[in-house]
S.K.: 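Got a structure for you, questions after.
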Amino acid sequence: MSESSATTPGKQELKSARARKSICEAAIHCLAKQGYAETSINRVVEQAGVSKGALQYHFPSKEDLMTETARYLLRRPLRYADRVREAPPRGARDTLRDQWKHMIDTDAYRALLEILMSARTDRVLQKRIASELEASIKEIDAHLLQAHSKLSSHGQTRLRRLACANRCFMRGLLIEQQYGITRAEQEAVLETWLDLICPALELVRSEENN
């Protein structure tokens, strides 16, 4: 067997990967629309258009499905970071607006929040996704710092903390949607946040040009 044929995924492996992805995407839809408690195996089966046996072949339990769905969702920021890195440079304000629109204010992020909030009290789920979450945050920070490698150690630390503060704010603003905040007020709050954080980000990044 040649080296290329040994490393190229076979048809069955690709078929299995597509099936797992399709089931995870169905779970994301259910989580975003119905919440964690109402996202049953039967709901996901109906949304995915597969048999219960086919789903349980790939994911024997709800915890298995939620763990894999969390892994799938936690890879989104890295794909987004790659897309942003390939785009023309923009100011901090436009970059963060884009992040809010395409990464945070989405069904995918709502689904991830459902899993994370449920893991707070579900110790089994918490244990299974804790390492994935920690690894994802570290990799996101590594990508960010790699893009700003000319910063001093102090500058990189400050940039990482500002990025963390921004994640916390945007996550909280998304949660506010369930408490009746209007779209107009949400946009106004976002702009107020950008008034605060963008000058700090630009000040840190100005180090790169000095």
S.K.: Checking Ser61 against Asp64 for the side-chain hydrogen bond (donor to acceptor under 3.5 Å, both in side chains) test, could you report, in this order, the C-alpha distance in whole Å, the side-chain angles of both residues, the deciding distance, and whether it holds?
M.R.: CA-CA 5 Å; Ser61 69; Asp64 292 320; 2.9 Å; yes
S.K.: Between Leu116 and Val124, is there a shared hydrophobic cluster once you connect ILVMFWY residues whose side-chain heavy atoms come closer than 4.5 Å?
M.R.: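 In one cluster with Leu116: Val124, no.
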S.K.: Heavy-atom distance under 4.5 Å between the side chains of Met170 and Leu96, does that happen here?
M.R.: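 The answer is yes, as the side chains (C-beta and beyond) meet within the 4.5 Å cut-off.
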S.K.: For the residue pair Glu68 and Cys24, what are the closest heavy atoms and their distance?
M.R.: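 Minimum heavy-atom separation between Glu68 and Cys24: CG-SG, 3.7 Å.
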S.K.: Show the atom names and distances, to 0.1 Å, of all donor-acceptor pairs under 3.5 Å that link a side chain in residues 43-54 to residues at least two apart or in another chain.
M.R.:
residue: Arg43; atom: NE; partner: Glu38; partner atom: O; Å: 2.7
residue: Ser51; atom: OG; partner: Ala54; partner atom: N; Å: 3.0

S.K.: If a pair satisfies salt bridge (charged side-chain N to carboxylate O under 4.0 Å, His left out) and one of its residues is in residues 161-173, list it, with sequence neighbours excluded.
M.R.: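 Those involving residues 161-173 are Asp141-Arg167.
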S.K.: Could you pull out all donor-acceptor pairs under 3.5 Å where a side-chain atom in residues 190-202 meets a protein atom, sequence neighbours excluded?
M.R.:
residue: Glu191; atom: OE1; partner: Arg93; partner atom: NE; Å: 3.3
residue: Glu191; atom: OE1; partner: Arg93; partner atom: NH2; Å: 2.9
residue: Glu191; atom: OE1; partner: Arg97; partner atom: NH2; Å: 3.1
residue: Glu191; atom: OE2; partner: Arg97; partner atom: NE; Å: 2.9
residue: Thr192; atom: OG1; partner: Ala188; partner atom: O; Å: 3.0
residue: Trp193; atom: NE1; partner: Asn166; partner atom: OD1; Å: 2.9
residue: Asp195; atom: OD1; partner: Arg93; partner atom: NH1; Å: 3.2
residue: Asp195; atom: OD1; partner: Arg93; partner atom: NH2; Å: 2.8
residue: Glu202; atom: OE2; partner: Ala92; partner atom: N; Å: 3.1

S.K.: Calculate, to the nearest 0.5 Å, the distance between atoms CD1 and CG belonging to Ile28 and Leu73 respectively.
M.R.: 4.0 Å
S.K.: Check the pair His148 / Arg205 against side-chain contact (heavy atoms from CB on, under 4.5 Å), numbers first and verdict last.
M.R.: CA-CA 8 Å; His148 298 281; Arg205 290 174 176 177; 3.7 Å; yes
S.K.: Rounded at 0.5 Å granularity, tell me how far CG in Leu173 sits from SG in Cys168.
M.R.: 13.0 Å
S.K.: Restricting to non-hydrogen atoms, name the atom on Leu145 and the atom on Gln156 that form the minimum distance, rounded to 0.1 Å.
M.R.: CD2-O, 3.5 Å
S.K.: Rounded to the nearest 0.5 Å, how far does OG1 of Thr121 lie from CD of Gln126?
M.R.: 8.5 Å
S.K.: Show the nearest heavy-atom pair for residues Ile41 and Leu65, with the distance to one decimal.
M.R.: CD1-CD2, 4.2 Å
S.K.: So which atom in Thr106 and which in His102 form the shortest heavy-atom distance, rounded to 0.1 Å?
M.R.: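 Minimum heavy-atom contact is CG2-O, 3.5 Å.
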S.K.: For Arg158, which residues count as a salt bridge (Lys or Arg N to Asp or Glu O under 4.0 Å) partner, sequence neighbours excluded?
M.R.: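 Partners of Arg158 by the salt bridge (Lys or Arg N to Asp or Glu O under 4.0 Å) criterion come out as none, since no residue qualifies.
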S.K.: Among pairs that include at least one residue of residues 108-132, which meet ring-ring contact (aromatic ring centres under 6.0 Å, His included), considering only residues two or more places apart or in two chains?
M.R.: none
S.K.: State which residues pass side-chain hydrogen bond (donor to acceptor under 3.5 Å, both in side chains) with Lys33; sequence neighbours excluded, sorted by chain then number.
M.R.: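 For Lys33 the side-chain hydrogen bond (donor to acceptor under 3.5 Å, both in side chains) partners, ignoring immediate neighbours, are Asp107.
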S.K.: Roughly how far apart are Ile23 CD1 and Thr69 OG1, rounded to 0.5 Å?
M.R.: 9.0 Å
S.K.: To the nearest 0.5 Å, tell me how far Arg76 CZ sits from Met103 CE.
M.R.: 4.0 Å
S.K.: Please report the closest heavy-atom contact between Glu63 and Leu125, naming both atoms and the distance.
M.R.: O-CD1, 4.5 Å
S.K.: Can you pull the ring-ring contact (aromatic ring centres under 6.0 Å, His included) pairs that have at least one residue in residues 40-61, sequence neighbours excluded?
M.R.: none
S.K.: Is any side-chain heavy atom of Met66 closer than 4.5 Å to one of Leu31?
M.R.: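 Counting from C-beta outward, Leu31 and Met66 do come under 4.5 Å.
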S.K.: Could I get the full list of side-chain hydrogen bond (donor to acceptor under 3.5 Å, both in side chains) partners for Glu134, not counting sequence neighbours?
M.R.: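 Glu134 satisfies side-chain hydrogen bond (donor to acceptor under 3.5 Å, both in side chains) with Lys138 once adjacent residues are dropped.
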S.K.: Enter the distance from Leu151:CG to Leu144:CG here, rounded to the nearest 0.5 Å.
M.R.: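 That separation rounds to 9.0 Å.
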S.K.: Going by salt bridge (charged side-chain N to carboxylate O under 4.0 Å, His left out), name the pairs with one or both residues in residues 180-190, residues two or more places apart or in two chains.
M.R.: Asp105-Arg183
S.K.: Side-chain heavy atoms nearer than 4.5 Å, only ILVMFWY residues, links allowed to pass through others: does that put Met117 and Ile104 together?
M.R.: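 As far as the 4.5 Å side-chain criterion goes, Ile104 and Met117 are connected within one cluster.
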S.K.: Under the side-chain hydrogen bond (donor to acceptor under 3.5 Å, both in side chains) rule, what pairs show up with a residue in residues 15-28, not counting sequence neighbours?
M.R.: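 Of all non-adjacent pairs touching residues 15-28, those that pass side-chain hydrogen bond (donor to acceptor under 3.5 Å, both in side chains) are Glu25-Tyr72.
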S.K.: Output every pair passing salt bridge (charged side-chain N to carboxylate O under 4.0 Å, His left out) with a member in residues 111-126, not counting sequence neighbours, ordered by first then second residue.
M.R.: none
S.K.: With sequence neighbours excluded, what pairs up with Leu74 under the side chain to side chain contact (heavy atoms under 4.5 Å, CB included) test?
M.R.: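 Once residues adjacent in sequence are excluded, the partners of Leu74 under the side chain to side chain contact (heavy atoms under 4.5 Å, CB included) criterion are Leu112, Glu132, Leu133, Ser136.
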